[in-house]
Amino acid sequence: MKFIIDNEVFERVPDLCVGVVIAESVSNMHENEAISTLLVEQISKEREILKTKEVKQLRNIELYRLAMEKFGINSSKYKSSIEALLERINRNDDILSVNGIVNLCNYISIKYKVSVGVQDIDLLRNNLNLRFLNNNDSDGNENNMKNDKLTEGEVVYATGDNVLVRRWIWRTSQLGRIDCNATNYIFLIDGFEKNQESIANACKELSSLIEKYYNVDTRSDLANRYNTNIELNNISNQEKKIENTIKIMLKGVENHTDLFSIKEKLRKAYKEQRPLRVKLGLDPSAPDIHLGHSVVLRKIRQLQELGHQAIIIIGDYTGRIGDPTGKSKTRKQLTEDEVRENALTYQKQIFKILDPSKTIVKYNSEWFENMNFQDVISLASKCTVARMMERDDFENRYKNHLPLSVHEFFYPLMQAYDSVATGADIELGGTDQTFNILMGRNIQKSYGLEPQITLFMPLLEGIDGVEKMSKSLGNYIGINEEPFVIFEKVMKIKDEMIIKYYNLCTDVHPDIIDTIQKRIEDGINPRDIKLELAFEITKLYSTEIDAQQAKDKFIKIYQNREIPDDIRVLKCILNENSIETQIVNTIMNTGDFGSKSEIRRILKQGGIKWNNQKITQFENLVIEKENIINVGKKHMYKIIFA
């Protein structure tokens with residue numbers, strides 16, 4: 001069976017969404033005292049709030065009223081379930097304690113200002129539909145309430161031709177009411193895109209409390225115009241695990257193998273009771289790791305947290321060949337000593353991200369040094385020249401009569417053979433490695449192996465929001481930098497990059513990132529979200545305490561405009577030069593600015609404060625022994641003259 005929202009409903013209210021929580025094998029025979037206490041306390045809190053606010057003026061209530069009018073329902077006569085509940089609280093009417101599950105629904109409804117309903121899955125005659133009423137529905141007397149006849153075209157929750165809930169989220173029929181004998185439940189939390197965060201939080205807490213008080217597993221989902229069908233039948237724990245793994249696996253991924261193949265790979269691995277082997281090949285030619293490099297490593301760490309194993313292949317042998325760069329010339333080949341030195345540096349850094357206990361490090365010289373010439377010819381026979389020339393840089397260099405050596409064809413072949421040698425189940429890489437990684441799938445097939453899953457991560461723009469993160473461009477965030485430096489740099493990223501950084505640079509679950517996206521769309525100040533992002537990234541490469549201290553310092557300097565305890569002190573020695581020249585030279589020596597003209601431009605534009613006074617020139621300054629200077633919004637120094 002399924003829960004289905006008919007497409008016709010979305011024609012009337014396109015932003016409709018329904019949070020769904022499914023719980024099975026619940027023992028609800030007795031009242032749960034803990035839940036009853038939660039409900040009583042929440043009612044008390046709500047009564048205090050409603051002393052200063054009218055129910056119908058609450059934001060969520062206005063949303064329900066507007067939607068009901070679109071369905072042709074008189075929202076003053078037939079109030080939504082949450083409005084009716086809050087009105088009873090406001091009138092000091094009793095909210096009767098029914099049973100644990102009903103009390104829990106009321107608690108969640110009141111706390112999050114959403115309409116919550118619940119149905120007994122075992123009593124459903126067919127699919128549970130949110131749809132418009134038709135002629136057949138009105139035939140049965142059991143669907144009609146006294147003095148309240150069904151009207152064709154009204155919106156209902158129904159199973160088969162049995163109407164369970166009238167007027168969408170208003171009145172439950174006798175058929176739709178549950179009792180304490182029910183054990184398998186579907187909870188429906190009605191809402192809209194504008195209060196989707198409330199829906200998500202309500203689903204999360206409802207699931208958590210059911211699992212806590214009834215000791216059963218739950219699953220939740222969101223039905224909307226993009227996801228109109230939700231399966232109600234029991235899903236095994238393994239399938240839940242697979243769904244969650246896929247959700248985390250594909251977070252931030254730009255391209256990947258089809259979902260069917262991914263699910264089959266996971267099911268087979270679980271059946272064999274083994275972890276997936278997640279391969280990453282590293283070319284040890286540039287050993288300094290920044291956030292741009294960490295994108296793929298973070299994805300592997302997330303998979304390790306789910307129980308899978310990383311296989312890091314240091315391309316010491318392929319590094320001697322040189323990966324074609326995608327540019328117009330062959331990359332310089334490295335010596336064996338250079339490769340080994342860089343590889344050791346890489347290993348020290350990657351374990352700041354990866355779990356060493358779930359990581360195997362291999363050098364591909366382990367298998368390539370043992371190959372004979374016949375093995376090499378056999379490998380070369382697995383790929384045609386036409387296939388190799390599909391690689392853009394090979395094709396372009398050939399067409400433009402630029403040097404293209406035969407040995408360069410072996411780099412993608414050798415990288416692909418790494419997948420054969422390690423029996424890789426998954427290979428990750430940047431989108432710039434698409435050709436090489438897909439070659440791995442083809443070569444595995446040629447050697448009679450099941451092809452690996454491929455995950456391609458997008459390239460990460462630096463803090464300028466334009467160019468790919470690069471140390472040479474100065475737009476990078478190094479993972480070995482001081483916590484405050486990392487925090488400060490993250491705060492500099494463009495607002496439109498916030499979600500991308502959440503997806504690629506943090507381990508925050510995709511469901512939570514969806515709520516963050518919604519908060520941004522609802523108009524929250526991006527600065528506040530960025531503070532949370534900077535904290536998440538900083539704690540990954542230091543500690544939570546360090547991250548909190550960095551956050552406190554940032555707020556102290558940039559929001560409260562206070563002088564930090566560890567403010568950078570600059571010494572300026574007075575000489576025959578003008579005071580402007582001396583101060584500009586002193587600031588320039590910090591390395592925080594690209595040129596002296598940049599500093600002077602900030603000065604002329606009124607972007608410099610001297611001892612908290614805005615200035616446009618350095619002449620005639622009142623100079624103390626110690627002076628505080630703010631240069632732009634991001635830099636504060638203490639200047640001491642000698």
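Keep in mind that the numbers below use all heavy atoms, side chains included, and drop hydrogens, waters and symmetry copies. The structure displayed is predicted, hence computed values, not measured ones.
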(request) For atom CG of D93, decide whether the heavy atoms of other residues, nucleotides or ligands shown that lie under 6.0 angstrom number more than 12. (result) yes

(request) Decide side chain to side chain contact (heavy atoms under 4.5 Å, CB included) for T434 and N255; before the verdict, give the C-alpha distance in whole Å, the side-chain angles of both, and the deciding distance to 0.1 Å. (result) CA-CA 9 Å; T434 299; N255 205 349; over 6 Å; no

(message) Any salt bridge linking E8 with R12? Criterion: basic side-chain nitrogen under 4.0 Å from a carboxylate oxygen.
(response) no

(request) Evaluate the criterion side chain to side chain contact (heavy atoms under 4.5 Å, CB included) for residue pair F187 and T218; output intermediate values, then yes/no. (result) CA-CA 11 Å; F187 299 84; T218 63; over 6 Å; no

(request) Take N90 and L86, measure what side chain to side chain contact (heavy atoms under 4.5 Å, CB included) needs, and give me the verdict at the end. (result) CA-CA 6 Å; N90 198 30; L86 292 176; over 6 Å; no

(request) Indicate yes or no: at least one non-hydrogen side-chain atom of Y213 is less than 4.5 angstrom from one of L38. (result) yes

(request) Answer yes or no: is there a side-chain heavy-atom contact under 4.5 Å between C105 and V102? (result) no

(message) Is it the case that the side chain of H308 and the backbone of L276 share a donor-acceptor pair, with hydrogens and angles ignored and the cut-off at 3.5 Å?
(response) yes

(request) Starting at OG1 of T543, measure out to CD of Q548 and round the result to the nearest 0.5 Å. (result) 10.5 Å

(message) Is the shortest side-chain heavy-atom distance between M1 and L128 below 4.5 Å?
(response) no

(message) Counting only heavy atoms from other residues, nucleotides and ligands, does the tally under 6.0 Å from CD of E272 exceed 12?
(response) yes

(request) Using atom types as modelled and distance alone, determine if a side-chain donor or acceptor of N195 lies under 3.5 Å from a backbone N or O of S198. (result) no

(request) Give a yes or no on whether the backbone of F535 and the side-chain of T538 come within a donor-acceptor separation of less than 3.5 Å. (result) no

(request) Heavy atoms only: give me the nearest K530-K494 pair and the separation to one decimal. (result) NZ-C, 4.3 Å

(request) Please say which of K551, R527, K539, R519 ends up in a salt bridge (Lys or Arg N to Asp or Glu O under 4.0 Å) with E532. (result) R519

(request) State, with a plain yes or no, whether a side-chain heavy atom of L222 is found less than 4.5 Å away from one of N227. (result) no

(request) Spell out, as yes or no, whether a donor-acceptor pair under 3.5 Å connects the side chain of R131 to the backbone of V9. (result) no

(message) Nearest 0.5 Å, please: how far is CD1 in I82 from CG in L63?
(response) 12.5 Å

(message) Between N201 and E197 (side chain of the first, backbone of the second, donor and acceptor by atom type, cut-off under 3.5 Å), is there such a pair?
(response) yes

(request) Of all the heavy-atom pairs spanning F3 and L232, show the shortest one and how long it is. (result) N-CG, 3.7 Å

(message) Taking ring-ring contact (aromatic ring centres under 6.0 Å, His included) as the definition, give me every residue that meets it alongside Y541, ordered by chain and number, with sequence neighbours left out.
(response) none

(request) Say whether T183 and S25, considering side chains only, have a donor N or O and an acceptor N or O under 3.5 Å apart. (result) no

(message) Nearest 0.5 angstrom please: L455 CG to L428 CG, how far?
(response) 4.5 Å

(request) Sequence neighbours left out, what passes side-chain hydrogen bond (donor to acceptor under 3.5 Å, both in side chains) with K500? Give chain and number order. (result) E461

(message) Between K56 (side chain only) and S76 (backbone N and O only), is there a donor and an acceptor less than 3.5 Å apart?
(response) no

(message) For E536 and T506, which I'm curious about, is there any donor-acceptor pair between the side chains at under 3.5 Å?
(response) no

(message) Taking E427 first and then R441, would you say they form a salt bridge - that is, a charged N and a carboxylate O separated by under 4.0 Å?
(response) no

(message) Looking only at the side chains, is there a donor atom on one of S75 and E69 sitting less than 3.5 Å from an acceptor on the other?
(response) yes

(message) Check E243 with R219, please: is the shortest side-chain N to carboxylate O separation under 4.0 Å?
(response) no

(request) State the CG-CG distance between L291 and L504, to the nearest 0.5 angstrom. (result) 10.0 Å

(request) Determine, for D15 against K70, whether the closest basic-nitrogen to carboxylate-oxygen distance falls under 4.0 angstrom. (result) no

(message) A quick test of your reading: do over 12 heavy atoms of other residues, nucleotides or ligands sit less than 6.0 Å from NZ of K194?
(response) no

(request) Measure the NZ-CG distance between K79 and N74 for me, rounded to the nearest 0.5 Å. (result) 10.5 Å

(request) Check whether any side-chain N or O of D122 sits under 3.5 Å from a backbone N or O of A182 as a donor-acceptor pair, and report yes or no. (result) no

(request) Would you confirm whether Y78, through its side chain, and M68, through its main-chain N or O, come within 3.5 Å as a donor-acceptor pair? (result) no

(request) Applying side-chain hydrogen bond (donor to acceptor under 3.5 Å, both in side chains), name anything that partners E46, two or more places apart in sequence or on another chain. (result) K113

(request) Check whether any side-chain heavy atom of L124 sits under 4.5 Å from a side-chain heavy atom of L164, and report yes or no. (result) yes

(request) Provide the closest heavy-atom pair for I35 versus L104 in the form atom of the first, atom of the second, distance. (result) CG2-N, 3.6 Å

(request) Report yes or no: does S208 contribute a side-chain atom to a donor-acceptor pair with the main-chain N or O of E205 at less than 3.5 Å? (result) no

(message) Between Q302 and K299, do the side chains contain a donor N or O and an acceptor N or O under 3.5 Å apart?
(response) yes

(request) Evaluate the side-chain proximity of R125 to D161: yes if any heavy-atom separation is below 4.5 Å, no if none is. (result) yes

(message) Is there a side-chain contact between M249 and L303 in this structure, where contact means two heavy atoms from C-beta onward sitting under 4.5 Å apart?
(response) yes

(message) Which heavy atom of S80 sits nearest to which heavy atom of Y64, and what is that distance?
(response) OG-CB, 3.8 Å

(message) Evaluate E450 against K268 for side chain to side chain contact (heavy atoms under 4.5 Å, CB included), listing each step before the verdict.
(response) CA-CA 11 Å; E450 185 178 311; K268 187 172 182 180; 2.9 Å; yes

(message) Whether the side chain of Q119 engages the backbone of L188 through a donor-acceptor N/O pair (distance < 3.5 Å, no angle test) should be reported.
(response) no

(message) Surrounding NZ of K518 (heavy atoms of other residues, nucleotides or ligands, distance under 6.0 Å), is the total greater than 12?
(response) yes

(message) I need the N99 CG to N181 CG distance, nearest 0.5 Å.
(response) 10.0 Å

(request) Determine, step by step, whether Q452 and S419 satisfy the side-chain hydrogen bond (donor to acceptor under 3.5 Å, both in side chains) criterion, reporting the C-alpha distance in whole Å, the side-chain angles of both residues, the deciding distance to 0.1 Å, and the verdict. (result) CA-CA 8 Å; Q452 63 193 11; S419 295; 2.8 Å; yes

(message) Applying salt bridge (Lys or Arg N to Asp or Glu O under 4.0 Å) to R274 and D425, what does each step give before you reach the verdict?
(response) CA-CA 11 Å; R274 67 172 182 83; D425 295 301; 2.8 Å; yes

(request) Indicate yes or no: does K51 engage E48 in a salt bridge with an N to O separation below 4.0 Å. (result) yes

(message) So for atom CG, which belongs to N92, do other residues, nucleotides or ligands contribute more than 12 heavy atoms lying within a distance under 6.0 Å?
(response) yes

(message) Give me the atom names and distance for the closest heavy-atom approach of L533 to Y501.
(response) CD2-CB, 3.8 Å

(request) Compare all side-chain heavy atoms of L58 with those of L50 and state whether any distance is below 4.5 angstrom. (result) yes

(request) Could you point out which residue of T172, D190, N129 forms a side-chain hydrogen bond (donor to acceptor under 3.5 Å, both in side chains) with Y157? (result) D190

(message) Tell me the closest heavy-atom pair linking R301 and I353, and the distance in Å.
(response) NH1-O, 2.8 Å

